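Treat the numbers as computed from the prediction; the structure is a model and nothing was measured.
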Amino acid sequence: MYKNKIVLFTVIFLLTVFNGYSQCAMCKAVVENGDISMAEGVNNGITYLMIFPYLLIGVLFYTLYRYKKKAKN
């Protein structure tokens, strides 16, 4: 049963990676334009948008860890 879950997770992960390998039309046009400052702005915006979900998940896991640790004592 455990092996089936791993295989299923791997297949789903690979399928999402193949679908997620693309850019929106505006991002592609900005990067192809050759304007370095605009491309850096796009990269900074992507990084800014990417940080917050990871921070929220990290805070959630830390809170759960503290809760479990407190419940154990």
With I57, which residues qualify under side chain to side chain contact (heavy atoms under 4.5 Å, CB included), at least two apart?
F61
Can I get a per-line list of side-chain donor-acceptor pairs under 3.5 Å for residues 44-56, giving both atom names and the distance, sequence neighbours left out?
{"from": "N44", "atom 1": "ND2", "to": "E40", "atom 2": "O", "distance (Å)": "3.3"}
{"from": "T47", "atom 1": "OG1", "to": "N43", "atom 2": "O", "distance (Å)": "2.9"}

Partners passing side chain to side chain donor-acceptor pair (under 3.5 Å) against T63 (at least two apart in sequence or in another chain)
none
The side chain to side chain contact (heavy atoms under 4.5 Å, CB included) partners of T10 (sequence neighbours excluded) come to I6, L14
